[in-house]
Amino acid sequence: MTGAITISLNGKTMGVTAGTIAELIVALGMTLDRRGVAVAQNGQVVRRTVWGETPLQPDDDIEVVRALTGG
Amino acid sequence: MTDDSFALGGRCFRSRLLLGSARYPSSEVLLDAIAASGTEIVTAAIRRIDLAGGPGSLLELLAGRVTLLPNTAGCTTAGDAVLTAQLAREALDVSWIKLEVIGDSETLYPDLEQTLIAAAQLVRDGFTVLPYCNDDPVSCRKLADLGCAAVMPLGSPIGSGGGIANPAAIERLCRRSPVPVILDAGIGTASDAVLAMELGCAAVLLNTAVGKARDPVAMAGAMRDAVAAGRAARLAGRIAKRDQAEASSPQTGMIKS
């Protein structure tokens, strides 16, 4: 796969072709304006406004989260 | 009726009941329970997106109905709790957080040391921090001193329905705390919520007592009334307890046969 890099996504190691956080979100089947979703890259929150200009790097630790029912 | 609104995180609320959104039999029952409870604040958890696809978004379900209060449930370190809070702020566009750092998987008691570390960091980061904590005055004073907006002591272990195990401690906290005391965890039935409010709590946060009741919607209504009744009794001022009886009726003018 051309340009694929290996990252950890929500604790799972996988190869991705996405070059930015925004491309990763789209590859996960979500729209970029979807509310209620947040992303962290290597322990730092990446604001939605900069998803498009934030590159994915090999071995990145990416967390994609959302709100669920909770007490 | 005078205004008795409840201020938290720079906003005013009419309801003093905060409701958890977990453990309901269905989304429909959750929505009906929220409506019956009269709550304006519903708690939510922050979790990894299910890469294989999962249930619909809580946000979409509750949009416009209530304000969501995200929690850091399940976190066991200050670092995880801080990142979870920051992700919650980004996801939900709210800057308040129910800070929960668990120190023991059996009792779900708070890890006070980690809670204090996370609270300090989150206050510095501009959060309105609402920490789940012990019912001892030292813990609560430290959290208030750090700038937490309220303290949320457990009545008894999370999900236990054990009620308020130490009412004297909760009453003392309420008397001395410089910030509102929100009774969090342990409520089993309506009388527990009444007691919390009578002891001086500013509000009650509960989840399992409603979600796992035989009829969650009916219990949600009972909790709404319980919190209101307890608050009204607190404001009205209860009589002092006495060891001996004191007749209510006049002690003169009785007939003699």
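Within every chain, numbering begins at 1; the chains are lettered A, B, ... in the order of the sequence lines, protein sequences first and strands thereafter. Just so we're clear, the structure is a prediction, and the values are computed from it rather than from any experiment.
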Mind checking what makes side chain to side chain contact (heavy atoms under 4.5 Å, CB included) contact with B:Thr76, not counting sequence neighbours? none

Any donor-acceptor pair under 3.5 Å linking the side chain of A:Asn10 with the backbone of B:Asp50? no

How about A:Glu53: does its CD atom have over 12 heavy atoms from other parts shown lying under 6.0 Å from it? yes

In terms of heavy-atom contacts, does CZ of B:Phe13 have more than 12 from other residues, nucleotides or ligands at under 6.0 Å? yes

Heavy-atom pair of closest approach, residues B:Glu90 and A:Arg48: OE2-N, 2.7 Å

Toward chain A, the part of B:Ala44 with a non-hydrogen atom under 4.5 Å: both

Top residue by heavy-atom pair count (under 4.5 Å) with chain A, among B:Gly159, B:Ala91, B:Pro70? B:Ala91

Near B:Asp215 CG, under 6.0 Å, is it more than 12 heavy atoms from other residues, nucleotides or ligands? yes

Minimal non-hydrogen separation, B:Leu30 against A:Thr69, with atom names: CD2-CG2, 4.3 Å

Look up atom CD1 in B:Ile46 and atom CD in A:Glu63, then write down how far apart they are to the nearest 0.5 Å. 12.5 Å

If the contact rule is any heavy atom under 4.5 Å from chain A, which residues of residues 114-127 of chain B qualify, in numerical order? none

Close side-chain approach of A:Arg66 and B:Arg47, heavy atoms under 4.5 Å: no

Counting heavy-atom pairs under 4.5 Å with chain A, the top scorer among B:Asn71, B:Leu206, B:Thr208, B:Asp93 is B:Asn71

With respect to chain A, which residue among B:Gly74, B:Ala45, B:Gly20 yields the maximal number of heavy-atom pairs within a distance under 4.5 Å? B:Ala45

Please determine, among B:Leu87, B:Val82, B:Asp184, the option with the most heavy-atom pairs under 4.5 Å with chain A. B:Leu87

B:Ile49: which of A:Leu9, A:Val37, A:Leu68, A:Leu28 passes side-chain contact (heavy atoms from CB on, under 4.5 Å): A:Val37

Between A:Gly70 and B:Thr43, what is the shortest heavy-atom contact and its length? O-OG1, 2.9 Å

